[in-house]
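Fair warning: this is a prediction, and the values are worked out from it, not measured in the lab. As a basis for the values below, the full set of heavy atoms in this structure was taken, side chains included, without hydrogen atoms, waters or symmetry mates. Positions are given from 1, in the same order as the sequence printed here.
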Amino acid sequence: MASKMIRGTMILTVAAFFSRFLGILFVIPYYWLTGEQGSFLYQYAYTPYAIMLSVSTLGLPLAVSKFVSKYNSMGDYESGRRLLKSGFLVMLATGIVGFLILFLGAPGITSLMHIPKEEYGNVVLVIRVVSIAIIIVPVMSLMRGYFQGFQSMGPTAVSQVVEQVVRVGFILIGAFIVVKVAHGSVVTAAALATFAAFVGAVGGLYVMLHYWVLRRVKIMKTSNKSRPERRYRMSFVTMYKELITYAVPFVAVGIAMQVYQLIDQSMAFYYLNYVDEIKEAIITDLTMNDQKLVIIPVTLATSLAVSAVPAIIVSFSKGDMRAVNEKITQAFELVLFLTIPAAVGLSVLGYMVHGLLYTVSPDLLKIGGRVLSWYAPTALFFALFQVGASILQGINRQLVTIIALGSGILFKILLNPLSMKLFGMVGPVIATDIGYLISILIIVFAIRKATDYRFSMIAQQLIHILFYTGIMVLVIELIFFVSGGNFPHSRGKAFIVIILSVTIGAAVYLLLAKWTGLLRRVMGRSRER
């Protein structure tokens with residue numbers, strides 16, 4: 001059973017990483033096709049959609065997986081089947097309600113964001129188009145969670161990959177046909193891009209229904225093995241109360257980033273002291289173009305570190321606090337080891353990376369490069385929050401996640417106007433960093449209180465990581481000095497400088513880590529896990 005769980009977790013981790021990575025990288029060719037306006041419209045539609053989707057799905061599929069797995073282990077397969085049957089109606093209802101709220105509320109949402117008049121109608125349009133996907137995604141999420149409850153991760157993994165491939169393919173092909181072939185408007189291309197969420201969801205749902213047809217008989221036979229004394233004992237009120245208890249922390253972690261983005265989108269046009277065209281470029285970089293790049297170092301680190309959570313759950317349930325502390329150390333060390341150099345390197349290379357992937361236009365590059373240079377270190381806060389929240393889930397302190405997120409968002413809202421007035425385009429980044437830092441401190445305090453964990457255990461490794469990262473930065477600065485600065489005047493120069501910097505900088509960092517034994521300590525533990 002343990003090997004099956006580990007195998008399933010790895011399958012799901014790989015699929016989730018591939019899906020997220022594909023969802024990150026598509027913004028580059030999409031930007032080339034539609035420019036600033038296309039990216040601006042897409043992100044203004046997608047942020048409220050992502051928040052509404054998380055609320056509509058009630059934190060599925062993880063919550064359903066946890067529920068089904070728990071009662072299956074007790075021999076009560078019937079409760080899981082009853083949840084699936086009733087859940088179809090509940091998820092369909094929440095999906096329709098979410099669709100109506102977003103579709104009918106699109107004008108109000110757009111008004112709250114202080115959108116310029118010339119873009120108001122376009123933003124309303126793309127929000128309404130993307131809202132259609134909410135109707136079917138909750139049902140698909142329910143089925144994913146049900147399969148995962150049986151330790152069957154393959155259907156979810158395949159469904160995630162198919163959904164993302166179909167979505168991204170539809171976005172890029174649709175944008176290319178509209179802009180390059182039909183010479184249509186960017187607004188039409190953006191509307192198609194948001195409609196891709198529905199098309200991708202249809203593809204993902206088809207995969208889940210296909211697996212259900214193949215495995216339905218086997219699952220039903222298993223469900224009929226429920227002990228008679230356990231059948232139909234749980235009321236629907238009790239069932240969904242427990243499910244929501246599991247779901248709320250997952251929802252909180254899932255919408256954290258989107259809530260921060262929504263705050264920036266709502267305030268930027270009002271508080272930033274620039275002309276509207278500059279504001280659009282800043283918001284696009286903050287919430288889409290540069291934001292997607294910042295998530296890249298977070299994705300791999302958190303995918304690997306969070307894989308320690310199942311072991312934390314097992315050790316904590318047995319009361320083995322020594323093993324719990326070891327797993328916590330593994331998770332944090334891996335995040336710090338991978339994220340710090342990646343975030344700092346991306347920050348130093350900010351202008352070069354933005355110039356290579358998006359534009360070398362001096363005016364736009366000054367905005368995008370500066371935002372990316374300031375935003376890149378935020379990757380560390382993203383990663384620590386996600387891993388910390390996962391650890392809280394493992395030690396049964398889910399409520400702390402809600403408190404931590406709420407506190408961080410409150411500080412973000414309070415500090416955002418002042419930060420924008422004082423620091424201009426990088427003000428939202430500073431407010432975001434402070435908000436996440438508050439959340440992380442609350443999580444760290446809760447972990448220490450629950451497990452008596454001593455964070456001094458990772459202090460020595462942190463010093464090593466910071467020192468090696470500093471040497472890596474010196475190497476990159478030397479490359480800048482030889483090549484003539486950190487501001488690219490062509491994509492060719494940017495490409496060469498980035499390749500040299502990443503190759504030599506990473507080699508120096510890893511060689512120093514290997515020489516001192518840090519690499520063996522961190523990655524060796526990861527292999528053991």
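Counting all heavy atoms, side chain and backbone alike, Phe381 lies closest to Asp433 at CD1-OD1, 3.7 Å. Nearest heavy atom pair, residue Phe269 against residue Met113, reads CD1-O, 4.0 Å. Nearest heavy-atom pair across Val162 and Gly203 is CG1-O, 3.8 Å. Taking both residues in full, the closest heavy atoms of Val139 and Met91 are given as N-CB, 4.0 Å, listed atom of the first, atom of the second, then distance. The two atoms that bring Tyr453 and Arg448 nearest to each other are O-NH1, 3.0 Å, heavy atoms only.
Scored by the side chain to side chain contact (heavy atoms under 4.5 Å, CB included) test, Val161 finds Ala15, Phe18, Ser19, Val165 as partners (sequence neighbours excluded). Scored by the ring pair (Phe, Tyr, Trp, His ring centres under 6.0 Å) test, Phe88 finds no partners at all (sequence neighbours excluded).
Relative orientation of the Phe99 and Phe103 rings is tilted, given thresholds of 30° and 60° on the angle between their planes.
Side chain to side chain, Gln398 and Asn396 meet the donor-acceptor criterion of an N or O pair below 3.5 Å.
At least one side-chain heavy atom of Ile109 sits under 4.5 Å from a side-chain heavy atom of Leu102. The shortest distance between side-chain heavy atoms of Tyr509 and Ile465 falls below 4.5 Å. Inter-residue side-chain proximity for Met140 and Gln160 is flagged as unmet; no heavy-atom pair is nearer than 4.5 Å.
Checked against the 6.0 Å centroid criterion, the rings of Phe26 and Tyr42 qualify as a close aromatic pair.
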